[in-house]
There are 2 protein chains.
Amino acid sequence: MTTIEPPQPRFAQIAGVLRDRIAREIYKGGEPLPSEPELAKEFGVSRITINRAVGILRTDGLVRVVRGRGTFVRAIPVVTRRANSRFVARDQGLGAFDVEVRDLGMKPGSEVVVDRVPASDRAAELLQVEPGSEVVVRRRRFFANDEPVQVADSYIPGPLAEEAGVTEADTGPGGSYSRLAEVGRAPVFFSETVSCRGASASEAKLLEMEPQQPVLEVLLIASDRDHIPVSVTQHVMAGHQWKLNYEWSDDSERVDA
Amino acid sequence: MTTIEPPQPRFAQIAGVLRDRIAREIYKGGEPLPSEPELAKEFGVSRITINRAVGILRTDGLVRVVRGRGTFVRAIPVVTRRANSRFVARDQGLGAFDVEVRDLGMKPGSEVVVDRVPASDRAAELLQVEPGSEVVVRRRRFFANDEPVQVADSYIPGPLAEEAGVTEADTGPGGSYSRLAEVGRAPVFFSETVSCRGASASEAKLLEMEPQQPVLEVLLIASDRDHIPVSVTQHVMAGHQWKLNYEWSDDSERVDA
DNA sequence: CAGTGGTCTAGACCACCAC
DNA sequence: TGGTGGTCTAGACCACTGC
């Protein structure tokens with residue numbers, strides 16, 4: 001029995017101890033924690049207090065609970081997404097995501113569903129089209145070692161999608177950006193807006209994570225050389241398994257000099 | 001008395017109802033929610049269930065609890081930080097943060113503490129200096145309408161900080177980047193890495209938010225024209241009140257054409 | 001002092017899983 | 001059927017606030 005004294009609440013202290021044990025691999029990735037009654041006995045508290053401590057680890061993305069079986073330590077690979085350079089690989093016919101995941105020695109995978117819907121007010125504004133006009137939506141889900149790590153919904157104006165031939169699930173080598181380039185509408189200007197919030201219930205289900213757990217949301221607007229938007233994508237990814245990288249230089253120094 | 005039926009857990013349903021009331025301004029910004037015993041009576045559940053529902057709103061950043069007084073609805077202004085263009089204002093002697101906050105009609109503020117410490121292994125690696133060598137740390141805290149919204153710790157190699165004269169709290173017009181420019185070490189290349197996680201206990205205190213609430217962490221590395229790092233800054237901000245924007249263009253299209 | 005929220009317990013019932 | 005975690009209750013004690 002390990003004793004716990006309270007300057008901090010006990011559930012927080014216990015969460016700390018469990019976190020530490022996971023870090024030290026006393027509880028190893030993929031393996032179950034001791035059951036809640038066992039932990040309650042060890043720490044000399046009620047099961048509910050243990051349950052609350054485990055709740056913290058869940059929200060941190062450290063463990064995953066399977067009802068009726070137990071609480072398992074997650075293997076947490078962190079993927080770095082390099083926004084500025086992520087499309088350079090497309091000439092080799094590889095998606096940016098594939099490269100990022102393969103670099104970590106993991107197996108990439110994805111699902112796509114294509115749909116046609118009338119543009120919502122928000123989508124219409126971002127794409128600079130009439131609200132209600134047809135847009136093609138590509139709903140993708142990405143996997144690393146068969147675990148879902150990201151969902152991304154892309155919106156392309158209907159007529160442009162027809163012209164570029166990106167209305168099917170398979171958009172050919174280099175993906176939809178390459179098809180857009182072939183019809184003279186290559187995406188050249190990019191704007192990404194990043195925010196961070198708790199996962200909604202539906203997102204939590206798709207990403208096999210807990211509601212409340214932080215997600216990163218990235219809104220990517222890609223525009224052609226005339227600054228006309230050709231594609232808008234909303235990415236949602238589990239906060240604990242991604243880092244986003246951006247690089248740029250400040251040209252104004254040269255101008256001033 | 002409002003009845004609640006359980007396909008979802010009751011605390012989640014109640015959290016939903018309360019969230020909705022805040023959105024509809026039945027509970028207005030700055031005002032207190034009804035007390036937990038009152039809400040327990042209204043929904044016909046125990047106070048603990050109410051407490052758990054309120055816990056969700058806290059983690060969402062929607063309310064703020066003051067011990068012994070009550071639970072208050074937060075006013076949540078969302079600040080957009082435009083990474084690429086945020087330093088253009090420095091020639092007018094204004095910090096980027098000041099401009100961002102003033103644009104929202106709010107009053108900006110900040111605190112600075114300057115310190116000298118031996119470089120940690122991590123800081124040394126990022127700054128490309130010897131571990132243990134002296135670095136100057138500027139610990140800043142930023143406020144909007146007197147509410148803390150961001151902490152940022154900047155690290156500059158000791159000798160460079162001396163040369164540029166940024167060892168005092170006040171770094172003069174345009175801030176430390178302008179002083180670095182004056183000694184020929186203007187930051188020109190920038191790299192930012194964004195991640196998202198639950199706030200630590202100490203961060204939660206500094207930012208007056210809840211532990212567990214999502215924060216955005218931004219690691220900014222600024223380098224001079226020779227790609228030598230001159231400053232590394234770790235920003236931590238409350239997730240619910242910030243958006244980060246990045247823009248870039250793909251020059252390779254022109255090269256290929 | 002009464003009122004606020006924070007935490008903990010014991011006991012209970014449920015859904016789900018593996019055997 | 002027994003073990004897992006999910007949720008809820010009633011009752012209790014605490015720390016903090018404002019009067």
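Naming: A, B, ... by sequence-line order, numbering from 1 per chain.
- Taking atom CG of Leu39(B) as the reference point, atom P of dG3(C) lies 17 Å away to the nearest angstrom.
- Residue pairs meeting the salt bridge (charged side-chain N to carboxylate O under 4.0 Å, His left out) criterion with at least one member in residues 61-78 of chain B, sequence neighbours excluded, are Arg64(B)-Glu147(B), Arg64(B)-Glu208(B).
- Note on Asn51(A): every side-chain N or O is 4.0 Å or more away from OP1 and OP2 of dG5(D).
- The nearest whole Å value for the distance from the CD1 atom in Ile50(A) to the P atom in dG5(D) is 10 Å.
- Taking atom CD of residue Glu36(B) and atom C1' of nucleotide dA10(D), one finds them 16 Å apart after rounding to whole Å.
- Partners of Tyr246(B) under the ring-ring contact (aromatic ring centres under 6.0 Å, His included) rule, at least two apart in sequence or in another chain, are Tyr246(A).
- Between its two ends, the helix from dC1(C)-dG18(D) to dA18(C)-dT1(D) turns its axis by 0°, counting five pairs per end and rounding to 10 degrees.
- With hydrogens and angles ignored, the 3.5 Å screen pairs a side-chain donor or acceptor of Gln13(A) with a backbone N or O of Gln8(A).
- Summarising the geometry, the separation between CD on Gln13(A) and P on dG6(C) is reported as 18 Å, rounded to the nearest angstrom.
- Listed by chain and residue number, Asp60(B) satisfy the salt bridge (charged side-chain N to carboxylate O under 4.0 Å, His left out) test with Arg19(B) (two or more places apart in sequence, or in another chain).
- The salt bridge (charged side-chain N to carboxylate O under 4.0 Å, His left out) test applied to Arg58(B) returns Glu210(B), not counting sequence neighbours.
- Atom NZ in Lys41(A) sits roughly 14 Å away from atom P in dA10(C) (whole-Å rounding).
- Side-chain N/O atoms of Ser46(B) include none lying less than 4.0 angstrom from OP1 or OP2 on dA10(D).
- Not counting sequence neighbours, the partners of Asp146(B) by the salt bridge (charged side-chain N to carboxylate O under 4.0 Å, His left out) test are Lys107(B).
- An OP1 or OP2 oxygen of dG5(C) is reached within less than 4.0 angstrom by a side-chain nitrogen or oxygen of Thr71(B).
- Residues passing the side-chain contact (heavy atoms from CB on, under 4.5 Å) test with Ser154(B), sequence neighbours excluded: Arg138(B), Arg140(B), Thr233(B).
- At least one donor-acceptor pair closer than 3.5 Å links the side chain of Arg141(B) to the backbone N or O of Leu206(B).
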Run the side-chain donor-acceptor check on residues 116-126 of chain A: report pairs under 3.5 Å with partners two or more places apart or on a different chain.
residue: Arg116(A); atom: NH1; partner: Glu134(A); partner atom: OE1; Å: 3.1
residue: Arg116(A); atom: NH1; partner: Glu162(A); partner atom: OE2; Å: 3.0
residue: Arg116(A); atom: NH2; partner: Glu162(A); partner atom: OE2; Å: 3.0
residue: Ser120(A); atom: OG; partner: Ala123(A); partner atom: N; Å: 3.1

Just the atom pairs and distances: protein N or O near nucleotides 12-15 of chain C's N or O, under 3.5 Å.
residue: dA15(C); atom: O4'; partner: Arg67(A); partner atom: NH2; Å: 3.1

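- Under the rule for a side-chain contact (heavy atoms from CB on, under 4.5 Å), Lys205(B) has no partner lying at least two apart in sequence or in another chain.
- The interatomic distance linking Leu33(A) (CG) with dT4(D) (P) rounds to 13 Å, in whole Å.
- Using a 4.0 Å cut-off on heavy atoms, the residues of residues 56-66 of chain B that approach DNA chain C are Arg58(B), Val65(B), listed by number.
- Both Pro37(B) and Thr49(A) lie close to DNA chain C; mapped to their nearest nucleotides by heavy-atom distance, the more 5′-ward contact belongs to Pro37(B).
- For dG3(D), the OP1/OP2 oxygens have no side-chain nitrogen or oxygen of Arg69(A) closer than 4.0 Å.
- Scored by the side-chain contact (heavy atoms from CB on, under 4.5 Å) test, Pro37(A) finds Ser35(A), Arg47(A) as partners (sequence neighbours excluded).
- A close approach under 4.0 Å does occur between a side-chain nitrogen or oxygen of Arg52(B) and OP1 or OP2 of dT7(D).
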